[in-house]
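What follows is a set of notes on a single structure, which appears directly below.
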Amino acid sequence: MTLNDLAARLELKAFTPGVPLDRSVSGGYASDLLSDVIGRARKDDLWLTMQIHPNIVAVAVLKDLAGIVLVNGREPAPETVEQAAKEGVVVLGSRLGTFELAGRLHGLGVKGS
Amino acid sequence: MELRRLRADLHIHTCLSPCGELAMSPRAVVDRARAAGLDLIAVTDHNTTENAAAVIEAARGTGLAVLPGIELTTAEEVHILGLFDAGADLAPFQAEVFRNLPDIPAKRKFIRDQVLVDAEDYVTGFSPRCLFGATLLSVHDAVGLIHGHGGLAVACHVDRDSFSIVSQLGFIPPDLPLDAVEVSPRLTVDEARAAFGPFDPFPAVRFSDAHKPEEIGSVTTELVVAGPDLGELRKALAGLDGRKVVPS
């Protein structure tokens with residue numbers, strides 16, 4: 001499943017329109033502690049978080065994540081969008097909360113470890 | 001001007017913090033700090049500076065210097081210490097913090113009373129809002145707000161698993177203009193450096209994070225300064241004019 005498929009099926013908003021959504025997603029991780037994401041997320045995971053600070057982009061690059069989804073209708077900080085565009089990191093958004101969005105992703109075959 | 005070594009504990013809660021013991025009254029804090037041989041303390045309650053003036057007043061004439069301060073919770077749930085000049089008018093700063101703190105009523109069932117007091121330990125009121133919540137201020141906004149009111153900004157207990165800039169944001173954002181990082185009482189600065197890497201360019205300090213009287217002064221940082229005030233602390237943290245933080 002690609003980011004594009006998921007964005008269409010879950011009505012995700014793209015905050016980084018310049019970054020292509022053709023990347024494959026192999027799993028998912030949900031956490032708001034970036035230290036935890038650094039420790040536990042896996043390559044090609046889609047990451048669900050409330051955090052909007054530019055550091056999320058650095059963590060996504062560090063862990064080679066497929067992309068980030070901001071939950072609860074959160075909007076990224078302007079610097080976060082800027083950094084994400086520069087680093088080619090996809091930042092998406094959902095009106096849903098973490099629990100509901102993770103459930104729907106799981107239903108579409110995106111699993112955690 | 002002659003430089004001397006002063007012992008500082010700049011992270012102390014009072015009975016106003018929802019996690020601070022009722023025994024942390026202004027007189028008790030001052031008495032305990034003096035008994036512990038401290039020269040300089042700071043009053044740093046969660047998201048409020050409201051009890052600081054009472055502690056400053058209680059310390060008048062004792063030789064103990066007291067800085068007003070705050071332990072601010074940012075939107076990322078990072079704790080940032082703000083330390084201010086003893087003479088600063090912090091009402092505008094506090095108003096800005098409260099404007100950014102969701103007004104959730106304090107439920108006494110789950111938290112301790114948030115007790116406002118005067119310099120003679122008389123109760124003057126209770127803070128009605130939950131002081132422990134996260135403000136809407138990002139770490140950058142919080143540091144900017146503290147600096148805008150002439151204060152110093154210190155990232156709290158960076159080695160802890162919660163409410164630390166490292167736990168919440170993975171690492172210290174390189175463009176965040178902190179004045180220092182605080183290592184919790186659990187680790188020495190060297191142990192923290194071994195675990196987290198160097199905190200450069202920020203100086204590392206350690207304080208007690210006292211919530212009860214017996215914890216005051218249990219962990220301190222020595223400063224080589226000309227006197228116990230914010231200007232000298234600022235120079236010590238920046239390593240200016242011979243002022244410095246003694247490695248602990």
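Please read all numbers here as calculations on a predicted model, not as lab measurements. Chain letters run A, B, ... following the sequence lines, proteins first and then strands; every chain starts at 1.
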Does CZ belonging to A:R95 count more than 12 external heavy atoms closer than 6.0 Å?
no
Just checking, any donor-acceptor pair under 3.5 angstrom between side chains of B:D9 and B:T220?
no
Would you be so kind as to tabulate the donor-acceptor pairs closer than 3.5 Å made by side chains of residues 102-113 of chain A, with sequence neighbours excluded?
from, atom 1, to, atom 2, distance (Å)
A:R104, NE, A:E100, OE2, 2.9
A:R104, NH2, A:E100, OE2, 3.4

Ring centroid separation B:F196 to B:F171 under 6.0 Å
no
Flag the pair B:F163 / B:F132 as yes when their ring centroid distance falls below 6.0 Å, and as no otherwise.
yes
Under 4.5 Å, heavy atom to heavy atom, which residues of residues 148-159 of chain B contact chain A?
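So no residue qualifies.
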Which pairs count as ring pair (Phe, Tyr, Trp, His ring centres under 6.0 Å) when at least one residue sits in residues 8-59 of chain A, sequence neighbours excluded?
A:H53-B:H140
Interface moiety of B:S167 toward chain A, non-hydrogen atoms closer than 4.5 Å:
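Looking at B:S167, backbone and side chain both touch chain A.
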Against chain B, label A:I38 side chain, backbone, both or neither, depending on which of its atoms sit under 4.5 Å from a heavy atom there.
side chain
Partners passing side-chain contact (heavy atoms from CB on, under 4.5 Å) against A:K86 (at least two apart in sequence or in another chain):
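Expected list: A:Q83.
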